[in-house]
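Index from 1, following the sequence.
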Amino acid sequence: MMKKYLPLLLIFLLSVRTFSQSTAATPRQKAIALLSKMSLDEKIGQMTQVTLGVVSGPTDGTLDPATLTKAIVQYKVGSILNVTNHALTLDQWHDVITKIQDEAKKTPLRIPVIYGLDGIHGQTYTLDATLFPQNIGMAATRNPELAAAVTKVAAMELRASGIRWNFAPVLDCGRQPLWSRFPETYGEDVYIGKTMGATVIRAYEEDGLRNATAVASCMKHYLGYSDSRTGKDRTPIYLPEIEMREYYLPQFRAAVQAGASTIMINSSEINGTPVHASKYLLTDVLRKELGFEGVIVTDWEDIVRLHTRHNVAPTPRAAVAMAINAGIDMSMVPYDFSFFELLKEAVQKGEVPMSRIDDAVTRILTLKYKLGLFDQPYPEAAATANFGRSEYQTIALQAAREAMTLLQNRDGILPLAKNTRILVAGPSAQSISALNGCWSYTWQGKEEQWYPKDSKTILQTLQDKLGKTNVITTTAPGFDSPANYDTTALKTAAAGVDAIVLCLGENAYAESPGNITDLALPDEQLALARTAAATGKPVILVLTEGRPRFITSIAPQMKGILMAYWSGRKTAEAIADVLTGDYNPDGILPFSYPRSMGEMVLYDRKPTEDVRETFNNNVGKGYDPLFPFGWGLSYTTFEYGPLQLSSPKLQGKGLLTISLTVKNTGSRDGKHTVELYTHEHYASITPNMRRLRAFKKLFLKAGESKTVSFTLSRDDLAFVNAQLKTVTEPGDFDVIIGDRMATFSYL
């Protein structure tokens with residue numbers, strides 16, 4: 001008899017479950033309900049974020065009970081960030097997070113604290129976490145799937161540490177190579193930036209923020225931060241809105257659509273208005289136009305700087321009111337509780353409406369509910385199990401390999417035969433920090449004692465490949481060791497080798513300490529290059545750098561040039577794999593490698609940037625970099641067939657398919673990125689010479705052919721017009737893939 005009713009029982013249970021799910025309160029509804037119980041102090045506390053140093057004990061990884069109580073119980077602080085000096089162990093993080101959340105449970109409403117960190121290329125601040133290529137290197141891979149895999153690991157190691165909020169990814173467009181945060185960008189192109197950025201956002205969050213494999217992402221730094229006129233961090237930007245909307249806003253629009261939970265604001269000013277005080281950018285554009293519903297957090301100390309640095313607010317309290325009224329939800333104060341006191345005064349004096357406070361706090365509480373912090377704020381056993389898994393190193397190696405960009409290979413000097421005798425020289429040869437760059441176990445990334453003990457140098461990996469008897473060096477550990485710049489020793493040592501591997505570039509830096517006034521390599525590095533070339537031995541230049549430093553004067557004397565970027569834990573292994581032919585390089589430049597300060601023109605230039613006056617033979621190409629955007633060599637060759645268009649016309653909301661056959665015509669297997677560009681013949685404003693619209697990365701065995709197809713819509717051809725509207729205008733367009741071109745019309 002019971003069997004007869006089992007189907008009915010199952011239907012009933014399913015209906016009950018469905019009903020309960022449909023009537024369960026959403027995170028926002030829960031936040032609004034909690035908000036109604038909160039005092040003004042409790043609300044302002046949620047908007048306050050302080051650095052760990054405010055509550056830390058006498059040694060790294062410890063907390064001071066008295067100051068912790070002051071912060072959490074007295075000032076109701078809702079968020080903490082950062083470390084004191086360097087990365088902590090997993091156990092230290094668990095202890096810190098547990099004690100902070102224990103303190104939060106002593107408050108009347110038991111609201112958990114949300115902890116945030118800058119995990120820029122992996123979990124920066126946990127010892128032995130896996131570090132991957134910086135964004136500029138990931139852009140060189142042209143592999144969104146690989147970017148997603150890297151991000152999944154970063155999310156899991158953050159969550160394993162007890163951290164559920166990551167201040168990444170950087171979506172600033174890298175169109176000013178002097179900028180000290182250039183390595184954190186995806187390069188100069190909008191399409192790569194928004195494609196990789198949206199991919200990373202989804203990878204951080206798509207598992208569901210309550211899941212032990214996900215964290216809340218933070219797109220940054222809204223807006224135009226990377227376009228500093230001088231290239232120095234936190235300095236003024238002068239940016240016409242048409243350019244802002246064409247090159248700097250699309251990445252954030254795509255990230256909002258991808259589901260980013262939070263956003264961090266540009267520390268500088270645009271056309272004289274600090275972004276932290278711009279209601280137009282924070283409310284009208286970000287909230288209303290882009291539809292962003294998440295949390296808006298400041299960058300480091302940026303509200304008080306409206307008073308102390310920008311001089312747009314006559315008092316610190318006026319600065320607080322200005323920022324909160326513009327749309328800021330949370331202040332990264334970060335050293336004290338001044339924001340709490342000043343915002344309370346501003347509300348009591350009617351300078352900030354209660355509605356603005358309630359709006360900000362609702363967003364913050366909603367995020368905490370989404371992250372599951374109210375149910376379980378402590379480090380999770382399921383997350384901890386995901387830390388340091390062996391397969392992460394495999395992903396790190398593949399990411400570093402695919403980032404490697406071979407810029408020059410004269411006379412087929414590469415790959416090196418396994419019996420080649422080489423001299424390894426230059427400051428990067430025995431430096432770990434110069435392979436990883438910023439945000440690597442410390443903020444600046446220079447303190448090598450915090451790196452994993454099994455990290456390898458370029459010298460070590462080349463010895464592994466070629467044998468210690470075939471590899472000699474004139475270098476010493478550490479980028480700045482005087483031995484690394486000894487040209488006499490280099491000249492003497494070169495006598496007994498077949499080739500020189502010269503490792504130049506930049507040591508790690510982050511933010512303002514990385515400011516420079518010239519992209520030229522330091523003189524002592526150029527002297528090494530000239531000395532190496534003068535020996536008559538073939539020189540392979542390996543560049544470990546975060547931005548393109550000028551090598552124009554030495555490039556003609558180099559037989560090979562490998563751009564290695566700052567590619568994380570496995571940089572040295574990837575370099576050795578490429579130099580010895582164990583990996584066929586497939587990275588391509590995500591920026592135009594400039595020839596000189598007078599040739600800082602980007603690939604998507606206007607035709608009017610060509611110099612056409614003939615007076616005194618003053619004719620220039622307009623775009624004449626040392627190596628162009630998208631450049632990268634392989635140890636094999638690829639050939640493109642004719643372009644096939646599904647139609648000579650693209651009409652209205654229709655689609656146009658472009659296909660071609662790609663063949664590996666060489667003797668080695670390899671990966672290859674096919675990039676599709678378009679060029680509009682005429683438009684209401686001067687059109688770009690070309691714009692990247694799509695790319696696909698293929699693996700082709702030697703002799704293998706594959707057909708690649710792309711689909712374009714009118715939206716792919718759009719630009720921002722003089723009225724600041726994004727439009728696609730009728731006309732003729734070229735579609736360009738490699739050396740192939742076809743023309744179609746948009747009607």
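The backbone N or O of K606 lies less than 3.5 Å from a partner atom in the side chain of E609, making a donor-acceptor pair. A donor-acceptor distance shorter than 3.5 angstrom exists from the side chain of T571 to the backbone of L435, with no hydrogens or angles considered. In terms of modelled atom types and a separation under 3.5 Å, the side chain of T405 and the main chain of A403 share a donor-acceptor contact. Between the side chain of N688 and the main chain of R691, no donor-acceptor pair closer than 3.5 Å is present. Under the 3.5 Å distance criterion, the side-chain polar atoms of R159 are matched with a main-chain donor or acceptor of A214. Listed for the E506 side chain is a donor-acceptor partner under 3.5 Å among the backbone atoms of G546. The backbone N or O of M322 lies less than 3.5 Å from no partner atom in the side chain of N325, so there is not a single donor-acceptor pair. At distances below 3.5 Å, not a single donor-acceptor pair connects side-chain atoms of E157 with backbone N or O atoms of G122. With hydrogens and angles ignored, the 3.5 Å screen pairs a side-chain donor or acceptor of N271 with a backbone N or O of L239. For the pair H679 (side chain) and M689 (backbone), a donor-acceptor distance under 3.5 Å is present.
The closest side-chain donor-acceptor pair between N266 and H221, if any, does not fall under 3.5 angstrom. With no hydrogens or angles considered, no side-chain donor-acceptor pair links S226 and Q176 at under 3.5 Å. Side-chain contact check for Y677 and D604: no donor-acceptor pair (N or O, by modelled atom type) lies under 3.5 Å. Judged by distance alone, the side chains of Q123 and T130 never bring a donor and an acceptor atom under 3.5 Å apart. Side-chain contact of N135 with E184: a donor-acceptor pair under 3.5 Å is absent, judged by distance alone. Checked by atom type, the side-chain pair H121/S440 shows a donor-acceptor distance below 3.5 Å. A donor-acceptor contact closer than 3.5 angstrom is absent between the side chains of Y186 and Q134. Side-chain polar atoms of S278 and T273 form no donor-acceptor pair below 3.5 angstrom. For the 3.5 Å distance criterion, the side chains of R28 and T366 fail to qualify, holding no donor opposite an acceptor.
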Margin query: ring pair (Phe, Tyr, Trp, His ring centres under 6.0 Å), that's the test. Do Y509 and W566 meet it? Break it down for me.
Written below: CA-CA 11 Å; Y509 54 81; W566 289 338; 4.7 Å; yes
Next item on the list: Go through the steps to decide whether D302 and M332 satisfy the test side-chain contact (heavy atoms from CB on, under 4.5 Å), and finish with yes or no.
Entry: CA-CA 7 Å; D302 278 335; M332 190 184 291; over 6 Å; no
Next item on the list: Give the intermediate values and the outcome of side-chain contact (heavy atoms from CB on, under 4.5 Å) for residues T124 and L117.
Entry: CA-CA 8 Å; T124 298; L117 285 178; over 6 Å; no
Checklist line | Chi angles and distances behind the salt bridge (Lys or Arg N to Asp or Glu O under 4.0 Å) call for E289, R245 | finding: CA-CA 12 Å; E289 182 179 333; R245 288 180 171 274; 2.7 Å; yes
Check: Does the pair D233 and S180 meet the rule for a side chain to side chain donor-acceptor pair (under 3.5 Å), with working shown?
Finding: CA-CA 6 Å; D233 192 36; S180 58; 4.7 Å; no
Notebook entry, point to check: Could you go step by step and tell me if Q46 and K368 meet the side chain to side chain donor-acceptor pair (under 3.5 Å) rule?
Noted result: CA-CA 11 Å; Q46 288 301 303; K368 292 184 177 185; 2.6 Å; yes
Checklist line | Intermediate values then yes/no, side chain to side chain donor-acceptor pair (under 3.5 Å), D172 and T185 | finding: CA-CA 6 Å; D172 304 306; T185 77; over 6 Å; no
Next item on the list: Just do the side-chain contact (heavy atoms from CB on, under 4.5 Å) check on D715 and T726 with the steps written out, would you?
Entry: CA-CA 9 Å; D715 292 340; T726 301; over 6 Å; no
Item checked: Criterion side-chain contact (heavy atoms from CB on, under 4.5 Å) on Y441 and Y451, from CA distance to verdict -> CA-CA 7 Å; Y441 307 110; Y451 283 82; 3.6 Å; yes
Checklist line | Worked check of salt bridge (Lys or Arg N to Asp or Glu O under 4.0 Å) between D118 and K220 | finding: CA-CA 11 Å; D118 289 276; K220 65 183 189 182; 2.8 Å; yes
Next item on the list: Could you go through the side chain to side chain donor-acceptor pair (under 3.5 Å) check for W300 and E511 one step at a time?
Entry: CA-CA 12 Å; W300 192 267; E511 302 189 53; over 6 Å; no
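In this structure, the side chains of R234 and R309 come closer than 4.5 Å at one or more pairs of heavy atoms. Here the side chains of P628 and S592 are not in contact, with every heavy-atom distance at 4.5 Å or above. For the pair V720/L249, no side-chain contact is recorded, criterion being any heavy-atom separation below 4.5 Å from C-beta on. Between L367 and L209 there is a side-chain heavy-atom pair separated by less than 4.5 Å. Between V312 and P274 there is a side-chain heavy-atom pair separated by less than 4.5 Å. Looking only at side-chain heavy atoms (C-beta outward), P144 and F695 come within less than 4.5 Å of each other. Side-chain contact between W443 and H86 is absent, with no heavy-atom pair separated by less than 4.5 Å. The shortest distance between side-chain heavy atoms of I80 and T51 does not fall below 4.5 Å.
Aromatic ring centres of Y623 and Y603: separated by at least 6.0 Å. Note: W179 and Y225 meet the aromatic proximity criterion, with ring centroids under 6.0 Å apart. F591 has its ring centre less than 6.0 Å from the ring centre of F182.
Between W93 and Y115, the ring planes are perpendicular. Angles over 60° get that label, and only those under 30° would be called parallel.
Using a 4.0 Å cut-off between charged nitrogen and carboxylate oxygen, E206 and K152 count as a salt-bridge pair. Under 4.0 Å is where a charged nitrogen must lie from a carboxylate oxygen, and between R175 and E243 no such pair does. Using a 4.0 Å cut-off between a side-chain N of Lys or Arg and a carboxylate O of Asp or Glu, R356 and D329 qualify as a salt bridge.
Just one of T141, T673, D586 meets the side-chain hydrogen bond (donor to acceptor under 3.5 Å, both in side chains) condition when paired with K697; it is D586.
Figure legend: R142 and F629 shown as a cation-pi pair, the cationic atom lying under 6.0 angstrom from the six-membered ring centre and within 45 degrees of its axis.
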